[in-house]
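Worksheet: one structure, shown below.
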Amino acid sequence: MTQDVWVFIEQEEGTITDVSLELLSKGRSLGDELGGRVCALLLGHRIDHLAQTAIHQGADVVLLADHPELARYRTLPYARVATDLVRERQPAIFLLGATPTGRDLAPRIASAVRAGLTADCTELKIGSFTHRGETYEQLLYQIRPAFGGNVVATIVNPHMHPQMATVRPGVMRRGEPDTARRGAVERIAPQFAPGDLALQVLERQMWPPLCDLTGASIVVAGGAGVGSRENFQRLYELARVLGGEVGASRAAVDAGFVEPERQVGQTGVTVRPRLYIACGISGAVQHRAGMDQAGTIIAINSDPNAPIFDIAHYKIVGDLNQVIPQMIRSYRENAK
Ligand code: FAD
């Protein structure tokens, strides 16, 4: 086994997804600690131009498989190429985004090479582990909430490598690209078995995303305390005035006040805006997991003991139906 850290580079229509760039930054720091190389696994067709992006983001080597059959993601051809390479090159660590593609591909590879896989990690570190008198050095600590978010579990895999993990978009911090970085591009000639290509994609329909919460610099989020879909209009107005996006707690989504795509938290999206305004949100640990990295947090809650106030920088105790219109009025007056 090598000490190499691999990152699967997910690309869509010739653009690398944000989560892959975030994982390259994380992979870089893990690779430096292990003394191994960071390898970007880039599959697709006519994607040569993406190799330099991966190198600038931290890759030492790009394993580039360019083939018409890899033009669009399909489980079997992608799993074939990745699995063959993992078997041959023996990376220590393999990271993938916890996107629909990553969640499909990662277990295929893990089961084929009999590796462990931890989904939706929120932190990755290098450390040692002692079990029955034996110490294993330089393992990947795969850290994630477990048992409904009540426990933060550290999972290690001393025996079956690579140590595989998926990470949701927005969880890892993306470093600045370094355009002076140099790396190697190694071309891979994919070999498919006939059955790998049995499935053909005849048509593809793409819907534009409802919102871009992970990229938003201001998020106005509402919880069960907002009370109704109609009351949520106040949050949309505040978000519009401030130039932000509307997010929500799971309770607000479950109540049908907003679409599931707007859910922030452990089972929603992770956001890192400059400003997060939590309206009628109690501050459960599962919600905080998705927003506690925000630069400034303003909480509006009628309960002065709401746990959200423990992490808020500015605390407004009151009825959000009165506070939000006042905020909008005051912003409009002062912004003139
Ligand atoms: P509540 O806890 O009901 O809080 C409503 C708040 O509104 C209260 O604090 C109340 O004082 C306040 N309020 C009421 N009326 C007003 C008013 N007029 N003005 C001002 N304040 C008012 N939750 C998430 O959000 N995201 C997740 O990703 C997520 N994942 C989960 C995963 C698991 C495995 C589990 C078990 C739970 C998860 N949850 C998640 C649910 C989480 O535990 C909480 O139940 C949820 O976050 C509560 O949402 P809330 O704060 O909107 O509702």
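In each ligand, atom 1 is the first atom listed, and ligand 1 is the first ligand listed. Since we're looking at a predicted model, the values are computed, not measured.
- The G318 neighbourhood of ligand 1 comprises atoms 19 (N), 20 (C), with distances under 4.0 Å to a heavy atom of that residue.
- Checked by atom type and distance alone, the side chain of E245 never pairs as donor or acceptor with a backbone atom of C211 at under 3.5 Å.
- Taking the six-membered ring for Trp and the full ring otherwise, F94 and H161 have centroids separated by 6.0 Å or more.
- Remark: minimum distance from atom 34 (C) of ligand 1 to any protein heavy atom is reached at G148 CA, 3.6 Å.
- Each of the atoms 26 (N), 27 (C), 28 (O) of ligand 1 lies under 4.0 Å from some heavy atom of G265.
- Summary of contacts: the protein heavy atom closest to atom 11 (O) of ligand 1 is N301 OD1, 2.7 Å.
- Side chain of R108 to main chain of L76: no donor-acceptor pair is present (N/O by atom type, distance under 3.5 Å, no hydrogens or angles).
- S302 counts as a contact of ligand 1, since one of its heavy atoms falls under 4.0 Å from the ligand.
- The side-chain contact (heavy atoms from CB on, under 4.5 Å) with E261 is formed by just one residue from the set L213, V253, L210; it is L210.
- Side-chain N or O atoms of H287 include none that pairs as donor or acceptor with a backbone N or O of G265 at under 3.5 Å.
- Only the side chain of A284 comes within contact range of ligand 1, with a heavy atom under 4.0 Å; no backbone atom does.
- Ligand 1 places these atoms under 4.0 Å from at least one heavy atom of G223: 52 (O).
- Near D319, the atoms of ligand 1 lying under 4.0 angstrom from a non-hydrogen atom of the residue are 17 (C), 18 (N), 19 (N).
- The nearest protein atom to atom 43 (O) of ligand 1, hydrogens excluded, is given as Q286 OE1, 2.7 Å; this is a heavy-atom distance.
- Between Q90 atom CD and D4 atom CG the span is 11.0 Å, to the nearest 0.5 Å.
- Within 6.0 Å of atom OH in Y314, 12 or fewer heavy atoms from other residues, nucleotides or ligands are found, so the atom counts as exposed in its surroundings.
- Those atoms of ligand 1 with a heavy atom of Q266 less than 4.0 angstrom away are 27 (C), 28 (O).
- Taking atom 19 (N) of ligand 1 as the reference point, the nearest protein heavy-atom neighbour is L320 N, 3.0 Å.
- In terms of modelled atom types and a separation under 3.5 Å, the side chain of K315 and the main chain of F309 share a donor-acceptor contact.
- Between the CD atom of E12 and the OG1 atom of T17 there is a distance of 8.5 Å, given to the nearest 0.5 Å.
- At a distance under 4.0 Å, a protein heavy atom can be found next to atom 9 (O) of ligand 1.
- The nearest heavy-atom contact from the protein to atom 41 (C) of ligand 1 is R250 CB, 4.2 Å.
- In terms of protein heavy-atom proximity, atom 4 (O) of ligand 1 is nearest to S282 CB, 3.3 Å.
- Regarding atom 14 (C) of ligand 1, its nearest protein heavy-atom neighbour is G225 CA, 3.4 Å.
- Ranking the protein heavy atoms by distance from atom 30 (N) of ligand 1 puts T267 OG1, 2.7 Å first.
- The shortest N or O to N or O distance between V264 and ligand 1 is under 3.5 Å.
- Taking only nitrogen or oxygen atoms, main chain and side chain alike, G280 reaches within less than 3.5 Å of ligand 1.
- Contact of the R174 side chain with the D18 side chain is registered, since non-hydrogen atoms from C-beta on lie closer than 4.5 Å.
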message: Between R173 and Q293, does the side-chain contact (heavy atoms from CB on, under 4.5 Å) criterion hold? Intermediate values first, please.
response: CA-CA 10 Å; R173 218 175 258 283; Q293 300 287 318; 3.9 Å; yes

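- Remark: distances from the non-hydrogen atoms of A289 to ligand 1 are all 4.0 Å or more.
- Taking the side chain as every heavy atom from C-beta outward, R87 and V113 approach each other to under 4.5 Å.
- For the pair A224 and ligand 1, the shortest N or O to N or O distance falls below 3.5 Å.
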